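First comes the structure, then the notes that go with it.
In the text below, chain A, chain B and the rest are named by the order of the sequence lines, each starting its count at 1. Here the structure is a predicted model, which is why all the values come from computation and not from measurement.
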Amino acid sequence: MSKPRFYVTTAIAYPNGRPHMGHAYEAIATDVIARFKRLDGHDVRFLTGTDEHGLKIDQAARAAGMNPQAYVDQMVAPFRALDEQLGISFDRFIRTTDADHKALVQALWQRMAANGDLYLGRYEGWYSVRDEAYYDEAELVEAQDAAGATIKLSPQGTPVEWTVEESWFFKLSAYQERLLTLYDSNPAFIQPQSRFNEMRAFVAGGLSDLSVSRTSFSWGIPVPGDERHVMYVWLDALANYLTGAGGLDGEWWPADLHIVGKDVVRFHTVYWPAFLMSAGIALPKTVFGHGFLLNRGEKMSKTLGNVVDPADMATRFGVDRLRWYLCREVPFGEDGSYSDEAIVERTNADLANGIGNLAQRSLSMVAKNLGGLMPVRGQPGDSELRLKEAFHAGTEAYFAAMNALALHKALDAIMGMVTAANGYFAENAPWALAKTDTVRMAEVLAATLDATRRIVLLAQPFMPASTAALLDQLGVATDARDFSGFNTPVEAGTQLPAPAGVFPRVTLDG
RNA sequence: GGCAGCGUAGCUCAGUUGGUGAGAGCGCCGGAUUCAUAACCCGGAGGUCGGCAGUUCAAGUCUGCCCGCUGCUACCA
């Protein structure tokens, strides 16, 4: 009776600037997974949001002449707006400044303390405010400042300063064995495989205790019982997944899947499970580290001047085109590249020439020759059996890929079915049958429309709006669009609306 | 420095435990066709599978070395 549950999250974004393509990509990929699970009969909880504490926000607010809360209230707006624009079907947009989250983090701290894993110590070292991280002396690089003096910079090229502060520490070192056991007994915990290997090697190399509080600024969640300290932003941030689940013993916990960028895999696969073990809380099932998007193969950076606004991209190409491109062209888990040309080329080929054309050519024949009434299927012949075989294999490949988070392979499977359906259509040439055998023509059209229906159903997670429009044209009732109705064709005789192109070809010139 | 991975047609990449003449998609060229968004369908174009040397009857597919690239990590301070 009750559906299986699926709790999926994105990492939360740090709103000290405008959202970039990386945010859009992560949100889209996670949304695709969430929508797939819903269509596949799961009760889904999808969490995304913003990470709003920390020194960088504090400083940015100061620079803007605002208090931090007012500053983040303003900065978070574009992130929510982008999610809305991209059709991200989140159930909650969490902010680490939310009251329930602050309370939860303090409760989490107390559990970790009760377990004896937190102790007061002293932290000193080279600290980069920009990176919010300490660095070993050896990692630093020397450079000249504007006045020509020699200064030290972090590996990221940000300024560092020698900092000494009292700090609470987490006994991360005590968790090495348990983490290794976790990895070895559950290889799916860290994906893709390359990240698993890296993280296992990192932990196997030994762990130091982790500084988990700061006294150098106050924009954060106070440490219970020691209000001079605010909590380390990562402890604060990671706990958002618990808040979003409904609390320390939340009904949605444990998470089935954390989708995160490859740069924060360590926080999610080493620190996070250790925190949870300390607090006696179950661990998430899987952490998946996706790759980065490159603009024409180059990293996006302000200095290169190649930063692209995802909202602008979505406006220019359309949300579904963008979603399709990112999932189709970038192997999920690896870095990917995009350009206006690539998006136009890819989506014209797949959507306009492929899916859109398949729907249009068959629907227009039904409209012109059969009064728009869904035709009756005939006894399957050789041609139909081959089509059926191709779809059986394609559908299986699609589900296997989706369940393995290989989004690009799922779309490859869909395109294989598009090719099979177009091949079937051309082979049987219903336009010729219209003059010789209208019964057979109707059968061919019926088979093609059902093939199209299946393709569009499977494409729903990737292109919510376009597929809804196509399913309308295909006469698929709104309550027959999840995967439980996959093998139920539209009833013959159903009146179809007048077809209209859903994926027009686009060109680059303005 | 260590560990891991990668380098295959213009582009993005597939290529199980080594074995019929090395593949797909896109792009490109030609043909066919007109139901369709000049799209679909059919065919083609030919890349010393990073380099060198080995193992083997036989190597993108195993071994060693070299070149280039990437990720993680370490040290020298």
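Ring-plane geometry between Phe483(A) and Phe36(A) is classed as tilted, the angle between the planes lying from 30 to 60 degrees on a 0 to 90 degree scale.
With rounding to the nearest 0.5 angstrom, the NZ atom of Lys262(A) is 3.0 Å from the CG atom of Asp335(A). Annotation: the span from Leu182(A) atom CG to Arg178(A) atom CZ amounts to 11.0 Å, rounded to 0.5 Å. The distance from atom CG of Asp209(A) to atom CH2 of Trp168(A), rounded to the nearest 0.5 Å, is 13.5 Å.
With both pairing distances under 3.5 Å, C69(B) is matched to G5(B) as a Watson-Crick or G-U wobble pair. Pairing of U55(B), defined by two Watson-Crick or G-U wobble distances under 3.5 Å, is not identified with any nucleotide. Using Watson-Crick or G-U wobble geometry with both donor-acceptor distances under 3.5 Å, U17(B) finds no partner in any strand shown. Across the strands present, A24(B) finds its partner in U12(B); the criterion is a Watson-Crick or G-U wobble pair with both atom distances under 3.5 angstrom. Across all strands shown, U48(B) forms no Watson-Crick or G-U wobble pair with both key distances under 3.5 Å. Here U33(B) sits opposite no nucleotide as a Watson-Crick or G-U wobble pair (both hydrogen-bonding atom distances under 3.5 Å). C40(B) is unpaired under the criterion used here, namely a Watson-Crick or G-U wobble arrangement in which both key atom distances are under 3.5 Å.
Rounded to whole angstrom, the span from the CG atom of Asn353(A) across to the P atom of G25(B) amounts to 14 Å. The CG atom of Leu358(A) sits 16 Å away from the P atom of A39(B) (whole-angstrom rounding). With rounding to whole Å, Asn357(A) atom CG is found 13 Å from U33(B) atom C1'. Straight-line distance from the CG atom of Leu433(A) to the P atom of C35(B): 13 Å, rounded to whole Å. At whole-Å resolution of the value, CG in Asp412(A) and C1' in U12(B) are 12 Å apart. Protein atom CG of Leu351(A) is 13 Å distant from nucleotide atom P of C26(B), rounded to whole Å. At whole-Å resolution of the value, CZ in Arg346(A) and C1' in A24(B) are 11 Å apart. Remark: P of C6(B) and CD of Glu198(A) are 13 Å apart, rounded to the nearest angstrom.
Counted by atom type alone, Glu26(A) and Thr48(A) present zero donor-acceptor pairs between their side chains at under 3.5 Å. Side-chain atoms of Ser167(A) and Ser211(A) include a donor-acceptor pair closer than 3.5 Å.
If you check G71(B), G25(B), C40(B) against the side chain of Arg195(A), the one that comes closest is G71(B). When the nucleotides C35(B), C41(B), A39(B) are ranked by their closest atom to the side chain of Ala426(A), C41(B) comes out on top. Distances from the side chain of Arg328(A) to the nucleotides U34(B), U37(B), G25(B) place G25(B) closest. Comparing atom distances between the Glu345(A) side chain and each of G27(B), G25(B), A36(B) picks out G27(B) as nearest. With distances taken from any side-chain atom of Arg361(A) to the nucleotides A4(B), A36(B), C41(B), the minimum falls on A36(B). Checking A39(B), G25(B), C41(B) against the side-chain heavy atoms of Asn422(A) singles out C41(B) as nearest.
At the phosphate of A39(B), OP1 or OP2 sits under 4.0 Å from a side-chain N or O atom of Arg505(A). Phosphate contact (OP1/OP2 of A36(B), side-chain N/O of Lys368(A), threshold under 4.0 Å): present.
Atom name P, nucleotides A58(B) and A24(B): the rounded distance is 29 Å, in whole Å. When the P atom is compared between A45(B) and G19(B), the two are found 25 Å apart, to the nearest whole Å. Comparing A77(B) with G5(B), their C1' atoms are spaced 30 Å from each other, to the whole Å. Taking the C1' atoms as reference points, G25(B) lies 15 Å from G15(B), given to the whole Å. For the P atoms, the distance from G64(B) to C3(B) is 12 Å, rounded to whole Å. For C28(B) and A38(B), the P atoms lie 15 Å apart once the distance is rounded to whole Å. Straight-line distance between the C1' atoms of G47(B) and U12(B): roughly 15 Å, to the nearest whole Å. On the P atoms, C76(B) is 32 Å away from C6(B), given to the nearest whole Å.
Exactly one residue among Arg321(A), Arg328(A), Glu329(A) makes a side chain to side chain donor-acceptor pair (under 3.5 Å) with Thr347(A). That residue is Arg321(A).
Using a 4.0 Å heavy-atom cutoff across all strands shown, Ala352(A) reaches at least one base atom of the nucleic acid. Here Ser194(A) lies out of heavy-atom contact (under 4.0 Å) with every strand. Contacts of Gly205(A) with the nucleic acid, taken as non-hydrogen atoms under 4.0 Å apart, are absent.
More than 12 non-hydrogen atoms from other residues, nucleotides or ligands lie less than 6.0 angstrom from CD of Glu341(A).
Mapping Glu329(A) and Asp263(A) onto RNA chain B by nearest heavy atom places Glu329(A) at the nucleotide closer to the 5' end. The nearest heavy atom of RNA chain B to Phe503(A) and to Ala349(A) marks one nucleotide each, and the one closer to the 5' end goes with Ala349(A).
Base orientation of G60(B): syn (glycosidic angle within 90° of 0).
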